[in-house]
Structure formats: structure tokens, C-alpha cells
Engineer: 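Before I ask anything, let me first share the structure, which is written out below as C-alpha cells.
Nothing fancy with the numbering, it's 1 onward along the sequence. Note: hydrogens, waters and symmetry copies are ignored here, and every other heavy atom, side chains too, is used.
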Amino acid sequence: MSDENKLNDEKNVEEKSEYNTETSEEMTFENNEYEKAKRFIKYGVPNVTEGSIIYICLTFLFLTLGYVTQSINIYFGIIFTEVVILGVVSYFIAKYKKYDMNLTFALNKPKRGTVLRSIGTMILLYPIVVFFNGLFLTFITKYIPVPENINAIPVPTSFFSFIISIILFACLPGIFEELIFRGVLFRAFDKLKPWKRIVITALLFGLFHYNPFNFIGPFILGIVLGFIRYRSNSIVPSMFAHATNNSIAMCLSYILSDKAAELETANELDLAANLSPFTAIMIVLLYIVMIYAVYKLLTNYPNYKENVSVFSVMTVKEYIFIAVIILISLIIMSYMVYVLIHSPLLKS
């Protein structure tokens with residue numbers, strides 16, 4: 001009987017210890033959230049209206065100065081667009097508005113393994129994105145002629161040009177585009193539920209390329225990057241993921257070299273028609289396995305929950321601002337489609 005009482009006492013001590021630990025963790029979490037809330041109030045972060053205005057301003061600069069500099073020299077143009085337009089301009093806006101940099105750009109240290117998980121996710125996701133982007137291309141090319149210079153990014157023909165391409169077309173976009181879309185805009189739309197923020201920023205990310213032939217790929221990529229950004233509570237993993245995606249594209253371009261342009265504009269339906277039934281089945285099974293692997297990787301990210309982001313509900317004015325910037329982007333994209341359809345240079 002004494003032994004049983006002793007066991008019960010030990011069990012009660014363990015339960016009390018576990019309870020105290022859980023209580024301590026909850027109090028620590030609440031204190032951290034309270035400190036974040038004070039930083040929101042004291043320093044501020046971009047709101048929906050400010051984020052929308054920033055997006056419109058960057059769009060204007062991208063379509064004017066960015067287009068001109070890239071037309072003159074693609075290498076200088078990319079540096080100017082990514083570093084100056086997206087990086088420097090957004091930094092000075094944040095400094096002028098006295099935003100809290102860590103909160104605005106989510107410059108938090110990611111948990112161990114999150115960066116490697118994001119890189120692995122992109123490696124598995126890349127062929128899936130290419131597949132859906134290919135289906136989209138197959139559909140729209142029936143109605144919109146494909147310009148000869150659709151691939152504005154030059155294909156690297158030497159190892160030196162390959163390294164330069166990785167830096168300019170993979171690393172720079174991975175850093176500076178993420179600072180805007182998974183940083184400023186993701187924080188600006190804080191009042192929205194996480195899944196709405198992820199979808200809206202992904203839509204704006206896809207539209208911001210202003211290329212009807214390159215919309216679905218960035219949109220799908222943006223959804224996954226937004227999910228990684230939210231669940232990791234840091235922009236660092238999404239930066240690495242974005243850079244990895246672009247690096248894979250540059251690696252394939254370098255390896256395939258002369259065949260890269262033909263493969264990017266190839267008709268996927270024609271290619272599928274030439275496959276044997278066994279090969280087609282194996283490809284389908286492989287894609288199912290990759291989709292499942294991506295799903296498992298995404299569900300294993302830290303289960304971060306934001307409790308301080310929503311201080312008030314969205315107003316009608318803020319919903320209108322979001323609708324307006326999406327509408328403006330769609331109008332610009334529609335105009336580009338109209339130009340492509342009616343361009344005399346593309347008509348036979």
C-alpha cells in the first residue's frame with residue numbers, strides 16, 4: 001500500500017511539473033506576443049492603404065525605369081530593378097514612415113531545419129510548377145501569339161555567364177522580390193486571414209511579372225512561398241526557396257543550352273501524344289509522388305500562429321484598395337495581351 005502511495009505521489013509531482021512547464025511556456029508566449037503588440041503600436045507597420053500605394057508605385061517604376069534599363073542592358077536592368085527599385089526604394093519608404101524593420105520585413109531567425117526544408121520543397125515543386133505552367137501556355141498560345149523574344153533572360157553559354165546568371169536572376173529576385181511580396185505586402189495585409197494574405201500576395205506576385213506567358217508559375221510559386229513565410233514566421237526560408245526555384249531554371253538553361261528556348265515553348269500536349277502508355281503512366285505516378293512529398297514537407301513546417309496581427313477588422317476602404325490594385329494589374333496585363341494579339345510584327 002505504501003508503494004502505491006509512493007507511486008501516486010511521484011505521478012502527482014510529474015503532473016504538477018508538466019503543468020508548471022506548460023504554464024511557463026504559455027506565459028512566455030503571451031509575453032512575447034505582448035512585446036510584439038507594443039512594437040506594432042510604437043513603431044508601426046504598413047497598413048493596407050500604404051501597402052497598396054507602395055505596390056502601385058513600384059509597379060509604375062518597374063514598367064518605366066525597369067523596362068527602359070532592361071531594354072538597354074538586361075544585366076544592368078535586372079540589378080537596377082531588383083536592388084534600386086524594389087530594394088532601395090522600399091527601404092527608404094520604410095525608414096521615412098518609421099516602420100519597424102523586423103516586423104515589416106519578417107527578419108526573424110528561422111527555426112533549425114526550416115531553410116533546408118524550404119529548399120527541398122522547391123526542388124520537388126519545380127517540375128510541378130513547370131507542368132501546370134506548360135498546360136496554361138498550351139491553352140493561351142491558341143489565342144495569343146508567342147513573341148520571338150519571350151525569353152528575355154539570356155541563356156548562359158559559359159560557366160562564368162552561368163555564375164553571373166545565378167547571382168542576377170536567382171539570388172537578387174530571391175532577396176528583393178521576397179522583401180516586397182512576403183515582407184511589406186504580407187505584413188500590410190495583416191488584418192486578413194493567413195490564407196487570404198497568401199493567395200492575394202501570390203496573385204499580385206504573378207501579375208507583377210506582367211507577362212501573360214509567365215503568370216501561373218509565379219502564382220503557384222507565390223502560394224507556396226507565402227505558406228513558408230507564414231508558417232516559419234520568417235522571410236529567410238522563402239528567400240532561399242525563391243532563389244532555389246530560379247537557380248533550377250538557370251541550371252536547366254545552362255545544361256540544355258541551345259535546346260532551352262525550344263523546350264520552354266514546346267507544346268506539352270504534342271509531347272504527351274508521342275509518349276507510350278507505360279511512360280505516361282510512370283510520369284503521372286511520379287508527379288503524384290512529388291505532389292505528396294511537397295504536401296508532407298509543407299505540413300511539417302513549424303505550426304506558427306499569429307495572435308497579434310489582427311487588431312481590428314478590415315474596413316470597406318481597405319477592401320476597395322486591394323481590389324483597385326488587383327484591377328489595375330489586370331488592366332495592364334490585359335493591355336499587354338491586346339498588344340500581342342494585334343501586333344503586326346507577330347501576324348503571319
Engineer: Taking it one step at a time, do Y67 and T81 satisfy side chain to side chain donor-acceptor pair (under 3.5 Å)?
Structural biologist: CA-CA 9 Å; Y67 177 79; T81 301; over 6 Å; no

Engineer: M239, L116: one ILVMFWY side-chain cluster at the under-4.5 Å cut-off?
Structural biologist: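 Shared cluster, no.
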
Engineer: Looking at side-chain heavy atoms only, is the closest gap between F80 and V68 below 4.5 Å?
Structural biologist: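 A side-chain contact is absent here, since even the closest heavy-atom pair is not under 4.5 Å.
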
Engineer: Within 45° of the six-membered ring axis of F205 and under 6.0 Å from that ring's centre, is NZ or CZ of R182 located there?
Structural biologist: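 The answer is yes; both the distance and angle limits are met.
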
Engineer: For L297 versus R117, what's the shortest heavy-atom pair and its separation?
Structural biologist: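 Taking every non-hydrogen atom into account, O-CD, 3.5 Å.
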
Engineer: To check you understand the geometry: which heavy-atom pair defines the closest contact between M250 and S165, and what is its length?
Structural biologist: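 Closest heavy-atom pair between M250 and S165: CE-CB, 3.4 Å.
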
Engineer: Can you tell me if T299 uses its side chain to pair, donor with acceptor, with the backbone of K296 under 3.5 Å?
Structural biologist: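 Yes; judged by distance alone, with no hydrogens or angles, the pair exists.
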
Engineer: Output all residues satisfying ring-ring contact (aromatic ring centres under 6.0 Å, His included) with F160, sequence neighbours left out; order by chain, then residue number.
Structural biologist: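 If we apply the ring-ring contact (aromatic ring centres under 6.0 Å, His included) test to F160, skipping adjacent residues, there are no hits.
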
Engineer: Just wondering, do L192 and I322 contact through their side chains at under 4.5 Å, heavy atoms?
Structural biologist: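 I322 vs L192: side chains touch.
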
Engineer: Could you go through the side chain to side chain contact (heavy atoms under 4.5 Å, CB included) check for I332 and L63 one step at a time?
Structural biologist: CA-CA 10 Å; I332 296 173; L63 293 176; 3.8 Å; yes

Engineer: Should L135 and V294 be regarded as members of a common hydrophobic cluster, given that ILVMFWY residues are connected when their side-chain heavy atoms come within less than 4.5 Å of each other, either directly or indirectly?
Structural biologist: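 L135 clusters together with V294.
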
Engineer: Do Y75 and I79 make a side-chain contact, defined as non-hydrogen atoms from C-beta onward lying under 4.5 Å apart?
Structural biologist: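 No. Closest side-chain heavy atoms not under 4.5 Å.
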
Engineer: Is there a path of hydrophobic side-chain contacts, each under 4.5 Å between heavy atoms of I/L/V/M/F/W/Y residues, joining V289 to V129?
Structural biologist: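 Different hydrophobic clusters.
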
Engineer: Would you compute the distance between atom CD1 of I54 and atom CG of L58 and round it to the nearest 0.5 angstrom?
Structural biologist: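 Atom-to-atom, I54:CD1 and L58:CG are 7.0 Å apart.
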
Engineer: Between OG of S329 and CZ of F215, what distance do you get to the nearest 0.5 Å?
Structural biologist: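 If we round to the nearest 0.5 Å, S329:OG and F215:CZ are 10.0 Å apart.
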
Engineer: Determine, step by step, whether I291 and Y295 satisfy the side chain to side chain contact (heavy atoms under 4.5 Å, CB included) criterion, reporting the C-alpha distance in whole Å, the side-chain angles of both residues, the deciding distance to 0.1 Å, and the verdict.
Structural biologist: CA-CA 6 Å; I291 292 172; Y295 168 77; 5.6 Å; no

Engineer: Any heavy-atom pair between the side chains of Y126 and L252 that's under 4.5 Å?
Structural biologist: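 Yes; the side chains approach each other to less than 4.5 Å.
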
Engineer: Rounded to the nearest 0.5 Å, how far does CG of N214 lie from CG of N133?
Structural biologist: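 These two atoms lie 6.0 Å from each other.
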
Engineer: Do S90 and L86 have side chains that get closer than 4.5 Å, going by heavy atoms?
Structural biologist: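 No - every pair of side-chain heavy atoms lies 4.5 Å or more apart.
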
Engineer: Look up atom OG1 in T114 and atom CZ in R231, then write down how far apart they are to the nearest 0.5 Å.
Structural biologist: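 Answer rounded to 0.5 Å: 10.5 Å.
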
Engineer: Side chains of S238 and S118: does their closest heavy-atom pair fall under 4.5 Å?
Structural biologist: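 A side-chain contact under 4.5 Å is absent here.
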
Engineer: Cluster partners of W195, using ILVMFWY side-chain heavy atoms under 4.5 angstrom, listed by chain and number?
Structural biologist: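 Listed partners: V199.
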
Engineer: What are the two closest heavy atoms between V337 and P212, and how far apart are they?
Structural biologist: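 Looks like CG2-CB, 3.8 Å.
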
Engineer: V48 vs F189, test: side chain to side chain contact (heavy atoms under 4.5 Å, CB included). Steps then yes/no.
Structural biologist: CA-CA 5 Å; V48 174; F189 301 154; 4.2 Å; yes

Engineer: List the atom of A241, the atom of I228, and the distance in Å for their closest heavy-atom pair.
Structural biologist: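 Residues A241 and I228, closest heavy atoms: CB-CD1, 4.2 Å.
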
Engineer: If two hydrophobic side chains count as joined below 4.5 Å and joins carry through other members, does L327 share a cluster with I56?
Structural biologist: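 No, separate clusters.
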
Engineer: Of the non-hydrogen atoms in R197 and F186, which two are nearest, and what is the gap between them?
Structural biologist: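 Smallest heavy-atom distance, with atoms named: CD-O, 3.2 Å.
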
Engineer: Could you tell me how the ring of Y55 sits relative to the ring of F181: parallel (under 30°), tilted (30 to 60°) or perpendicular (over 60°)?
Structural biologist: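 Perpendicular: the ring planes of Y55 and F181 meet at over 60°.
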
Engineer: Mind listing the closest non-hydrogen atom pair of M290 and L124 along with its distance?
Structural biologist: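 For M290 versus L124, the nearest heavy atoms are SD-O, 4.1 Å.
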
Engineer: Does atom CZ of F240 have more than 12 heavy-atom neighbours, drawn from other residues, nucleotides or ligands, at distances under 6.0 Å?
Structural biologist: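 Counting other residues, nucleotides and ligands, CZ of F240 stays at 12 neighbours or fewer.
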
Engineer: Could you tell me the separation between the CZ atom of F105 and the CD1 atom of I180, rounded to the nearest 0.5 Å?
Structural biologist: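 It is 6.5 Å, given to the nearest 0.5 Å.
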
Engineer: Determine which pairs satisfy salt bridge (Lys or Arg N to Asp or Glu O under 4.0 Å) with at least one residue from residues 45-61, sequence neighbours left out, and list them in order.
Structural biologist: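 Qualifying pairs, neighbours excluded: E50-K97.
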
Engineer: What residues, two or more places apart in sequence or in another chain, satisfy ring-ring contact (aromatic ring centres under 6.0 Å, His included) together with F62?
Structural biologist: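 Checked F62 against ring-ring contact (aromatic ring centres under 6.0 Å, His included); matches are F208.
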
Engineer: Would V184 and L179 count as a side chain to side chain contact (heavy atoms under 4.5 Å, CB included) if you check the C-alpha gap in whole Å, the side-chain angles of each, and the deciding distance to 0.1 Å?
Structural biologist: CA-CA 6 Å; V184 175; L179 285 175; over 6 Å; no

Engineer: Counting C-beta onward and ignoring hydrogens, is there a side-chain heavy-atom pair between L221 and M122 closer than 4.5 Å?
Structural biologist: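 Sidechains of M122 and L221: in contact.
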
Engineer: When you compare the side chain of Y99 with that of L103, does any pair of heavy atoms fall below 4.5 Å?
Structural biologist: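 Result no, sub-4.5 Å side-chain heavy-atom pair not found.
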
Engineer: Sequence neighbours left out, what passes ring-ring contact (aromatic ring centres under 6.0 Å, His included) with Y287? Give chain and number order.
Structural biologist: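 For Y287, the residues satisfying ring-ring contact (aromatic ring centres under 6.0 Å, His included) (neighbours in sequence not counted) are F131.
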
Engineer: So, S234 side chain and N108 main chain: donor-acceptor pair closer than 3.5 Å or not?
Structural biologist: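 Flag set: sc S234 to bb N108 pair under 3.5 Å.
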
Engineer: Holding to ring-ring contact (aromatic ring centres under 6.0 Å, His included), I want the full list of residues that pass it with F139, two or more places apart in sequence or in another chain.
Structural biologist: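 Listed in chain order: Y143.
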
Engineer: Using 0.5 Å steps for rounding, measure from the CG atom of L125 to the CD1 atom of I123.
Structural biologist: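 Going from the CG atom of L125 to the CD1 atom of I123 covers 11.0 Å.
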
Engineer: Is there a path of hydrophobic side-chain contacts, each under 4.5 Å between heavy atoms of I/L/V/M/F/W/Y residues, joining I72 to L65?
Structural biologist: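 Result: no, two separate clusters.
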
